[in-house]
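Notes for the one structure printed next.
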Amino acid sequence: MKIIRKIKSMQKLSDALRAEGKTIGFVPTMGAFHDGHLSLMQRSVKDCDATVVSIFVNKLQFGPTEDFNKYPRQLEKDRKMAETVGVDYIFAPEHDEFYSDSFSSFVKVYGVTENLCGASRPGHFIGVLTVVTKLFHAVKPHKAFFGEKDFQQLVVIKKMVKELNFDIEIVGSKIFREKNGLAMSSRNEYLSADERNKATIIYSCLKDAKRLFHSGEKSSLKIIKNAVNLINAQGFEVDYVKIVDMDTLKDVKKIETVALMAVAVKVGRTRLIDNIVLK
Ligand code: AMP
């Protein structure tokens with residue numbers, strides 16, 4: 001498996017693959033792989049002739065007080081893990097080539113970025129969309145694979161791709177969880193054993209919401225209150241608990257047939273997100 005560092009080299013390689021008639025699958029990541037990442041890679045390897053995985057901790061999507069500096073970086077370990085699932089190339093661009101000192105071009109999608117993480121993390125989605133655009137132009141994939149764990153990110157990227165005519169198919173993939181239900185995340189590494197244990201309340205409260213909904217409760221307010229109480233009882237700070245329309249990501253008061261329940265919780269100093277479809 002090859003590691004590619006330069007944008008030009010990546011573009012040349014992709015041009016060559018395309019000239020050979022090969023389909024390119026792409027999995028953008030920030031590294032520190034877990035089974036959730038590997039599941040996206042496996043899908044790409046199955047669906048496409050060549051799979052490129054990018055590893056880039058994108059400073060642009062972190063707020064000034066967030067964890068950019070301490071975000072786990074483990075290229076060699078990641079390379080080995082990606083190799084086990086048949087990934088062909090890792091694209092690990094250098095920060096300075098990606099963002100020059102005079103960098104001043106940004107991508108913004110309105111509407112679907114305003115609620116949930118967009119409200120809690122100002123500028124986050126501009127950072128995500130700008131890096132994803134740059135990565136797409138470097139890798140030139142036919143298909144790109146994203147996890148539903150970052151549901152808002154998936155919706156926002158799909159909208160950008162559609163509205164700005166990127167010729168790329170965006171594929172969403174289900175959330176991978178630990179045996180105890182905790183959604184896998186590179187940030188779980190920050191948790192103590194006790195926090196990791198207690199953080200299972202996040203998925204429990206989502207499952208509880210589903211149970212309430214299935215037993216006839218349609219009021220978002222009541223379902224949200226129940227979840228907030230459960231999270232607070234564990235001693236965690238709620239960033240948000242919301243029930244939103246699956247497409248617009250706007251709050252819904254009464255759930256008709258389907259909605260997304262999304263949560264962001266501060267477990268100690270670690271911010272974790274998760275979601276479930278109420279259907
Ligand atoms: P990250 O490295 O955290 O930026 O994530 C890279 C990709 O992996 C994104 O598309 C995420 O949505 C996806 N991902 C992260 N965690 C999970 C998970 N637990 N299950 C499925 N996909 C995930």
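Counting begins at 1 with the first residue of the sequence. Counting starts at 1 for both ligands and their atoms, in listed order.
Between His37 and Phe33, the ring planes are tilted. Angles from 30° to 60° get that label.
With a 4.0 Å heavy-atom cut-off, ligand 1 is reached by the side chain of Leu40 but not by its N, CA, C or O.
Between the side chains of Asn180 and Tyr203, not a single donor N or O lies within less than 3.5 Å of an accepting N or O.
Taking atom 6 (C) of ligand 1 as the reference point, the nearest protein heavy-atom neighbour is Pro28 O, 3.4 Å. In terms of protein heavy-atom proximity, atom 17 (C) of ligand 1 is closest to His34 CE1, 3.7 Å.
Distances below 4.0 Å separate heavy atoms of Met184 from the following atoms of ligand 1: 16 (N), 17 (C), 18 (C), 19 (N). The Phe146 neighbourhood of ligand 1 comprises atoms 10 (O), with distances under 4.0 Å to a heavy atom of that residue. Residue Met30 approaches ligand 1 through these ligand atoms, each under 4.0 Å from one of its heavy atoms: 1 (P), 2 (O), 4 (O).
In terms of N/O distances under 3.5 Å, ligand 1 is approached by Gly147. Between Asp150 and ligand 1, at least one pair of N/O atoms sits closer than 3.5 Å. Close N/O approach between Phe176 and ligand 1 is found [any backbone or side-chain N/O within under 3.5 Å].
Distances from atom 21 (C) of ligand 1 to the heavy atoms of Gln153, Lys174, His37 put Lys174 nearest.
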